[in-house]
Each structure stands twice: as C-alpha cells, then as structure tokens.
Amino acid sequence: MLDMKYIRENLDEVEQRLRTRGGESYLDEFKRLDLARRTLLLESEQLKARKNVVSDEIGKVKDKSLVQDKILEMREVSNEIKAVDERLKQEDEELQNLLLTVPNVPHPATPVGRSENDNVLVRTWGEPQELPFAAKPHWDLGEDLGILDFECGAKITGARFTLYRGAGARLERALINLMLDLHTDTHGYMEVLPPFMVNRDSMQGTGQLPKFEDDLFKMVDPEYFLIPTAEVPVTNIHRGEILKKSDLPISYCAYTPCFRREAGSYGKDTRGLIRQHQFNKVEMVKFVHPSESDAALETLTGHAEKVLQMLDLPYRVMALCSGDIGFSAAKTYDIEVWLPGQSCYREISSCSTFGDFQARRASIRFREDEKGKPEFVHTLNGSGLAVGRTLVAILENYQQEDGSVLVPPALRPYMGGLERISR
RNA sequence: GGAGAGAUGGCCGAGUAGGUCGAAGGCGCUCGCCUGCUAAGCGAGUAUACUGGGAAACCGGUAUCGAGGGUUCGAAUCCCUCUCUCUCCGCCA
C-alpha cells in the first residue's frame, strides 16, 4: 500500500510512475475520495469535540434537572454525529479499497518496459550446453525413469498434480535439504516452518488480497487460504509489530509447499512439472533498514544463484521491467535456468524488494532511535529456489544418452551416495 | 466436541454500583541532577493513527483499554455478536 500523504502531495509523479506498469490510471478516484473523506472527518470531529465538552459539563452538575435542555441538545448532536459518521465510513471504505488495489511504485532502477520482452539481461553464469544427442524434456525422462507419474497425480487429485516416486521423491527432498542447509549454515538465515494456511489479514499484508483472490485456493469454513508462497506466512511473522533497530536485518528461510490456482494459464505449460497447482519451494525473506534494501536485494539474489552454482546449472539473471514486475514489487530479478530439453531459459527464482509497500500494509515498523517515531521497514524475498523446477533442470541438464541421469556431486550426500538415476 | 477463566500502554499490572481514565502503580527506556568509577538515589519525560494551524520547534482536535455493533447527554466500565489465549474433560497424529 502506498502512503496516502505521499500520493496526495506527489500526485502527478506517482501517477506517472505507476503508468510505467502499463494499464489503467489508478489515481483518478483518489483525489475525489480523499477530499470528501477529509471534509466529513473534520465535520465529525468538530461535532464530537462539542459533545465532549458539554457532556463534561453535564457530568459536573449533580441535579440533572438543571441541565435537561443540554441533554436534549446533545441528543440531537449525537444523532448528527451518527449520520456524518455513516457517510464518512462509506467514503473511507471506498478509499481504503482503492488504495489496496493500487500496485507499488516501481523502483527508479527498474527498467521501463511493457512486457517480458523488455526485461534486461543482467548477467549469465555457465555455458548453456547443447547435448550431443537428442535431449529429452524432463517429462519424458521422468516417466521413462519411473520417478515422475503425472497420470497418477491426475487420478489422485486432478490436472497439474504429480506423484513423485522413489529416486524422484528422494531427489526433491535432497534439494530441499541442500538449499536449507546452504541458507542457514552459510548465508545466515534462520529456518522457520510456518503454517501452510493463512487468514485473510496475512494475505492482505503481503498483497495477494484483495486483488488476486482468484489465484488462491480457499477454505470456506473457517476462511483460510492455502499459501501460494512462503512469503505470505513468513513476512506476516512480524505483522503489527514494532521491531528494534538492532533486530535488523532479520533473515528467514523456509521450506513450504505452495498452492496456486493458475487461473488464466490454461493451455500454458501443460506438460511436466513447470506449472503445478502444488509445488515445493524454499523461500528467503528479509526485513531490513530502508537504507539497506537496495544492497540486500543484490545479496539475496546472490544467495539464490549460489544454489545453481553448487549444482553447476547454467543460468541468467534478468531485471524485470516495469510492465512485468509483480503487484507488490518495486524491483525484481528473475533467475532463469537453462533447460536443454526445451532449449530455453525458464524462471527458477524471483527475487524482489518491496520497499515499504508490504510493511505499510502489514504494519511492520522499527524505531530509528529509542524515542523516535516508528518507521516502516523494507521487506524483500526471493525463491532459493523453486524445488520442482530445480529438479527439472537437473533431469534435463544431467541426462545421459542412455536415458539415465547423473546426480550432481553436491547432491550425492543427500541421496545416500547415489551417483546415477537409472531405470 | 463439552465446562470454565481471561484479553488494558514496550512489558507487568490496577481499575467493572457509567462522568474527575489515555488510563494508578511497578519495570524498562530517554534526558537532567547527584555520587571522583559502578551500584543506589532525586527530578522530568516516555503509545499509536488520523486531522486543523505553523517554515519549523510546536500548539489544538478526534479516535483507540482484543474486534465489531448496541444502550446513554456521556462507556475500559452495562448489553449483544465475533476472534484469540489459558485450564479441565473427551478425541486424536
């Protein structure tokens, strides 16, 4: 959520920067609602001030029969207040709803552009290798090796659900452990294991609600939502809190499954593990001092890259343009891993800084000085990494001509020493 | 699922026959004093949001005692609904 005061005082600039995201104008309504609300607020408060003063006088008089006229008058004032407050409440709700649907202002360093075609290549790592034989996509490899069973997943639940078997299940688990160990032991994150379902307040805090309810799996009674990413429960750990400056930066990492409706993506990536309704992810989340957030995004991205380097998987880092960054993000790097089975780069991690956008929604603050006013922290997060897609990358990059798949050396300790997955 | 207890400021904790309570007291913290160090002591200050005025320091107003509604001239205090926490019983990985 953006700062109301900031919008009011910088309307043109905010509008202009939001427009670089493409799409509609966001702030036409704002001026009108803001003015209406403040006018009513003033009216209401003046009435209340009068009521308070007179009620105080009444309280001091023992014989109430002497102040009957005042009591009657205040009864009128009280009714007036009710009426004004009713209108105020409506305007206020409208304004809040508007603000909750306005996306974050892009970071000055975010390249301006309309679509993913305008994203900017930042760097590449490793050599995308063309295999000396006909490379298979992972869905063929997985089925041939008997480690991925898409049909069975569809039978148990439905489309876009997958059953992992044997070495496939073990490989997924090994990747989770490798990633968590790296981030906790080497990168200094605290591991947390959060709830996989959250309430509406948490979803609103990180920005999934109210605008993207259709993308979520929702429980009716009680009303809980399956998390689409660990970002939601982990960022909300500190919702409504005032942190100590000395607590910052706070770094958490978490493994969770993620659940996404993938509404509107019918027909996209229908084969294989790329786009599932349920997938595993290790997420990194940081709460930092505002002056640190730019640097923190770079190190966070580096932490995600490190996983791919350990697994010796070629990748590139893209700076997303203004038209492609997410609703809550100010700046985002996508890490894309090379998939020889499909001869393309695919997103495997997304690392973003949100500035104070989420912190304002979720009210996560700190004090610069012991006596100072609370200020909003900056939040960041990034996948480190999407586990299913990492498994895909391993299958496709480490496949051999005979259809077997070598286990990357860094992963072997986690696989009971297994060096090769074969039929 | 059944029975009961509770939710007050950074923390602890008073306050429920409605008005003098934004809220006693303590702890913590900040500033000052004092003590040649430390401890102790003394004094002052110490919530948040919105909002009016002001260049600012600052000075006003309103709201907030889990959340929402109601009664009343007036509610932390009375009534209703909800949420959460704790204890006991049942059930359970």
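Proteins get letters first, then strands, A, B, ... in listed order; numbering begins at 1 in each.
As the counterpart of B:rU77, no nucleotide is assigned, since no Watson-Crick or G-U wobble pattern has both distances under 3.5 Å. Remark: B:rU71 base-pairs with no nucleotide in the shown strands. Criterion, Watson-Crick or G-U wobble with two distances under 3.5 Å. The nucleotide B:rC91 finds no pairing partner, because no Watson-Crick or G-U wobble arrangement with both distances shorter than 3.5 Å includes it. The nucleotide B:rC34 finds no pairing partner, because no Watson-Crick or G-U wobble arrangement with both distances shorter than 3.5 Å includes it. Pair assignment for B:rA39: none, as no Watson-Crick or G-U wobble contacts are both less than 3.5 Å. B:rG45 and B:rC29 make up a base pair, with Watson-Crick or G-U wobble contacts both under 3.5 Å. The nucleotide B:rG6 finds its pairing partner in B:rC84, both defining distances of the Watson-Crick or G-U wobble pair being shorter than 3.5 Å. In a base pair of the Watson-Crick type (N1 to N3 plus N6-O4 or O6-N4) or a G-U wobble (N1-O2 and O6-N3), with each distance short of 3.5 Å, B:rG52 is matched with B:rC59.
Checked against A:Thr162 for a side-chain hydrogen bond (donor to acceptor under 3.5 Å, both in side chains), the options A:His277, A:Gln276, A:Gln278 give a single hit: A:Gln276.
The distance between atom CZ of A:Arg239 and atom C1' of B:rC84, rounded to the nearest whole Å, is 13 Å. We find that CG of A:Asp56 is positioned 20 Å from P of B:rU72, with the value rounded to whole Å. Here the C1' atom of nucleotide B:rG70 and the CG atom of A:Asp85 are 15 Å apart, to the nearest Å. Between the NZ atom of A:Lys89 and the C1' atom of B:rA67 there is a distance of 13 Å, given to the nearest Å. Nucleotide B:rG10 holds its P atom 16 Å from the CG atom of A:Asp247, rounded to whole Å.
Defined by atom type and a distance below 3.5 Å, a donor-acceptor pair is present between the side-chain atoms of A:Gln358 and A:Thr379. A donor and an acceptor atom, one from each side chain of A:Tyr6 and A:Glu13, are located under 3.5 Å apart. In this model, no donor atom of one side chain and acceptor atom of the other lie less than 3.5 Å apart for A:Tyr255 and A:Glu191.
Within 4.0 Å of A:Lys48, counting heavy atoms only, lie sugar-phosphate atoms of the nucleic acid but no base atom. Heavy atoms of A:Ile58 sit under 4.0 angstrom from at least one base atom. Residue-level contact check: A:Lys62 touches neither bases nor backbone, having no heavy atom under 4.0 Å from any strand.
Proximity note for A:Arg37 (side chain, C-beta onward) versus B:rC73, B:rC50, B:rU48: the nearest is B:rC50. Comparing B:rU62, B:rG19, B:rC50 against the side chain of A:Leu41 picks out B:rC50 as the nearest. The side chain of A:Leu42 lies closest to B:rG52 when the candidates are B:rG19, B:rG69, B:rG52.
Residue A:Arg50 places none of its side-chain N or O atoms closer than 4.0 Å to OP1 or OP2 of B:rG61. Put simply, A:Arg365 has no side-chain N or O that comes within less than 4.0 Å of OP1 or OP2 on B:rG10. For A:Arg8 and B:rC50, the shortest distance from a side-chain N or O to OP1 or OP2 is not below 4.0 Å. Residue A:Lys51 places none of its side-chain N or O atoms closer than 4.0 Å to OP1 or OP2 of B:rU72. Taking 4.0 angstrom as the limit, A:Arg75 places a side-chain polar atom (N or O) nearer than this to OP1 or OP2 of B:rC73. In this structure, A:Asn52 reaches the B:rU62 phosphate: one of its side-chain N or O atoms is under 4.0 Å from OP1 or OP2. Contact annotation: A:Ser78 side-chain N/O to B:rU72 OP1/OP2 distance is not under 4.0 Å. Between A:Lys245 and B:rC29 there is no side-chain N or O to OP1 or OP2 distance below 4.0 Å.
Using atom C1' as the reference point in both B:rU8 and B:rU16, the two lie 12 Å apart (nearest Å). One P atom belongs to B:rA47, the other to B:rU30, and the distance between them is 15 Å to the nearest Å. B:rU48 sits 16 Å from B:rG66 when the C1' atoms are compared, rounded to a whole Å. Across the P atoms, B:rC29 and B:rG15 are found 27 Å apart, a figure rounded to whole Å. Between the C1' atoms of B:rG22 and B:rG9, the separation comes to 9 Å (whole Å). Comparing the P positions of B:rA49 and B:rG32 gives a spacing of 26 Å, expressed to the nearest Å. To the nearest whole angstrom, the two C1' atoms, one in B:rG90 and one in B:rU83, are 24 Å apart. Taking atom C1' on both nucleotides, B:rG70 is separated from B:rU77 by 15 Å, rounded to a whole Å.
Looking at A:Lys155 and A:Glu151, no side-chain N of the basic residue comes within less than 4.0 Å of a carboxylate O on the acidic one, giving no salt bridge.
With the nearest nucleotide of RNA chain B identified for both A:Arg38 and A:Ser44, A:Arg38 has the one nearer the 5' end. For the pair A:Gly59 and A:Val53, both in contact range of RNA chain B, the more 5′-proximal nearest nucleotide belongs to A:Gly59.
Between the side chain of A:Lys60 and the base of B:rG74, no donor-acceptor pair of N or O atoms lies under 3.5 Å.
In this structure, the side chains of A:Val54 and A:Glu73 stay at 4.5 Å or more apart for every pair of heavy atoms.
Closest approach of A:Met179 to A:Leu385, counting heavy atoms only: SD-N, 3.1 Å.
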Would A:Arg114 and A:Asp118 count as a salt bridge (Lys or Arg N to Asp or Glu O under 4.0 Å) here? Give the steps.
CA-CA 6 Å; A:Arg114 292 165 157 269; A:Asp118 300 319; over 6 Å; no

